[in-house]
Novice: 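Attaching a single structure in structure tokens format; questions to follow.
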Protein chains: 2
Amino acid sequence: MRKIAESTVRRLSLYLRFLEEFEEQGIETVSSEALAARGGTTSAQVRKDLSFFGSFGKRGLGYSVQELVQKLRGILGLGRTYRVAMIGAGKIGSALVQYRGFKQRGFEIVAIFDTDAAKVGRGWNGLTVQDARELESALRDQRVDIAVIVTPADSAQNVADRCVALGIKAVLNFAPVQLTVPDDVVVKTVNLALELETLSYALTNR
Amino acid sequence: MRKIAESTVRRLSLYLRFLEEFEEQGIETVSSEALAARGGTTSAQVRKDLSFFGSFGKRGLGYSVQELVQKLRGILGLGRTYRVAMIGAGKIGSALVQYRGFKQRGFEIVAIFDTDAAKVGRGWNGLTVQDARELESALRDQRVDIAVIVTPADSAQNVADRCVALGIKAVLNFAPVQLTVPDDVVVKTVNLALELETLSYALTNR
DNA sequence: GGGCTTTTGTGAAATCTTTCACAAATGTAG
DNA sequence: CTACATTTGTGAAAGATTTCACAAAAGCCC
């Protein structure tokens, strides 16, 4: 498949959210103009984004909300569930585990790890926190699609390496470090410091 | 000042992190090549990014780590402290409050709000959680530079509107919604669902 | 069915970002 | 002091993304 820009994928994901809203409100049809208005972009952008994957609209009418929801779910790979391992049972991990949208969208947390002896063995939303040293033995014969790394900065790369060795191909990283992984592994890093500094830059340069 | 791309600002923020690492290690001088290697980019990119703001290096030698750290702090507006109000005292808010990098980089949380009567009045890291209905009276004569919105999705826009009315010009939003604000207010949204879906897209289309 | 209105899908143009490539500095070694 | 090795700073080229603009499709009304 032709390379699609990350910005495009992010917008598709946004469109999907809006379309789900529309669906709940009982709206059956939407124009690229309406979708763009909801998402702060332009109708041409919406049409171009969709056009990379096919043509889903009816000229003169717009898009069937229901149909477009289906198509976008397919494009984004949301037609299945993903098994997620969370490594790190601190505050952020705990917030994530409770986040409903996670399960709602098909991301199921199947294991939680931590190095802290005080946490290991405790129950957490129906799961037992396991010792991080047992990552390999615990995950060897469990399929895990995505690792969420919520460890302190200094252990994140080590954890990432071990996940890669286990064959995990996708990592969501909340540790404030730049992870190095092979080309066939995809990493998304959420870095709070970066966001704050973008704000501080914007506040300064006006 | 000429418009600088967001991607450039994010990289500058990354460079700063790496330079601080180098500084700790006692490294005094760094080339664009070395900085690029650490950050997964190219030396030309590093030089171009910096060139928007001046020329900080010595040909044949590279950059003084210490000097470049100073310059980048200045460019990113990190030479001061920012007063932050946190609206929402749930799990994510709690994780953020404890995040050290926050204070370390000059972002000081000066107030926390929630609507939940069970939380209001409780102490939180040296601060008392205030009733969100009192946002206006509490912040009227406190300077607040940045609002962090950590409320449920359905109240986020309302909170944002009230922050804007209070004259706040920067918002960091963790609610999974697209906020609408006037042009002179800058919003960064951290949307977990979006990150997950980018991963799922990447896993699907390989 | 013909004319009118709406809205898509998409090449082409415009704009933005990254990469290239090289002259100009700067230090070093002999 | 000259030749040499580095490495910056930056126009120009290449590449990527967004916007424009319009023909083509589809429904609607008379």
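Excluded from the calculations below are hydrogen atoms, water molecules and symmetry mates; all remaining heavy atoms, backbone and side chain alike, are included. By convention in this document, chain letters (A, B, ...) are assigned in the order of the sequence lines, proteins followed by strands, and residues within each chain are numbered from 1.
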Novice: Let me see the working for Glu197(B) and Arg17(A) under salt bridge (charged side-chain N to carboxylate O under 4.0 Å, His left out), right down to the final yes or no.
Specialist: CA-CA 11 Å; Glu197(B) 289 174 16; Arg17(A) 198 102 337 110; 2.8 Å; yes
Novice: Let me see the working for Arg10(A) and Glu195(B) under salt bridge (charged side-chain N to carboxylate O under 4.0 Å, His left out), right down to the final yes or no.
Specialist: CA-CA 8 Å; Arg10(A) 296 181 79 86; Glu195(B) 306 301 334; 2.9 Å; yes
Novice: May I have the distance from Phe56(B) (atom CZ) to dA25(C) (atom C1'), rounded to whole angstrom?
Specialist: 17 Å
Novice: Is there a side-chain contact between Val110(B) and Arg143(B) in this structure, where contact means two heavy atoms from C-beta onward sitting under 4.5 Å apart?
Specialist: no
Novice: Rounded to whole Å, please give me the gap between CG in Leu61(B) and P in dT26(C).
Specialist: 10 Å
Novice: Nearest nucleotide by nearest heavy atom, which residue falls closer to the 5' end of DNA chain D, Glu6(A) or Gly54(B)?
Specialist: Gly54(B)
Novice: Is there a side chain to side chain contact (heavy atoms under 4.5 Å, CB included) between Phe22(A) and Leu35(A) once you walk through the steps?
Specialist: CA-CA 10 Å; Phe22(A) 292 152; Leu35(A) 201 45; 3.9 Å; yes
Novice: Expressed in angstrom and rounded to an integer, what is the separation of Leu12(B) atom CG from dT18(C) atom P?
Specialist: 11 Å
Novice: Using atom OH of Tyr15(A) as one end and atom P of dT8(C) as the other, report the distance to the nearest whole Å.
Specialist: 12 Å
Novice: Assess Arg80(B) against Tyr82(B): is NZ or CZ under 6.0 Å from the centre of the six-membered ring, and within 45 degrees of the ring's axis?
Specialist: yes
Novice: What integer distance in Å separates Phe53(B):CZ from dT10(D):C1'?
Specialist: 16 Å
Novice: Find the distance Tyr63(B):OH to dT6(D):C1' and express it as a whole number of Å.
Specialist: 13 Å
Novice: Are any of the side-chain heavy atoms of Asn125(B) and Lys103(B) separated by less than 4.5 Å?
Specialist: no
Novice: Ignoring backbone atoms, test whether Ser55(B) places a side-chain nitrogen or oxygen under 4.0 Å from the OP1 or OP2 oxygen of dG9(D).
Specialist: yes
Novice: Show the nearest heavy-atom pair for residues Leu139(B) and Ala111(B), with the distance to one decimal.
Specialist: CD2-CB, 4.3 Å
Novice: What's the shortest heavy-atom distance between Thr189(B) and Ala175(B), and which atoms?
Specialist: CG2-O, 4.1 Å
Novice: Would you mind reading off the distance between Leu50(B) atom CG and dT7(D) atom C1', rounded to a whole angstrom?
Specialist: 13 Å
Novice: Could you identify which residues of residues 24-39 of chain B place a heavy atom less than 4.0 Å from some atom of DNA chain D, listed by residue number, or say none?
Specialist: Ser31(B), Ser32(B)
Novice: Please list each protein N or O that sits under 3.5 Å from an N or O in nucleotides 18-24 of chain D, with the distance.
Specialist:
unit_1: dT18(D); atom_1: OP1; unit_2: Arg11(A); atom_2: NH1; d: 3.1
unit_1: dT18(D); atom_1: OP2; unit_2: Arg11(A); atom_2: NH2; d: 2.9
unit_1: dT19(D); atom_1: OP2; unit_2: Gln45(A); atom_2: OE1; d: 3.4
unit_1: dA21(D); atom_1: N6; unit_2: Arg47(A); atom_2: NH2; d: 3.4
unit_1: dA24(D); atom_1: N3; unit_2: Arg59(A); atom_2: NH1; d: 2.9

Novice: List the steps and the verdict of side chain to side chain contact (heavy atoms under 4.5 Å, CB included) for Leu179(B) and Gln157(B).
Specialist: CA-CA 6 Å; Leu179(B) 296 179; Gln157(B) 181 65 56; 3.8 Å; yes
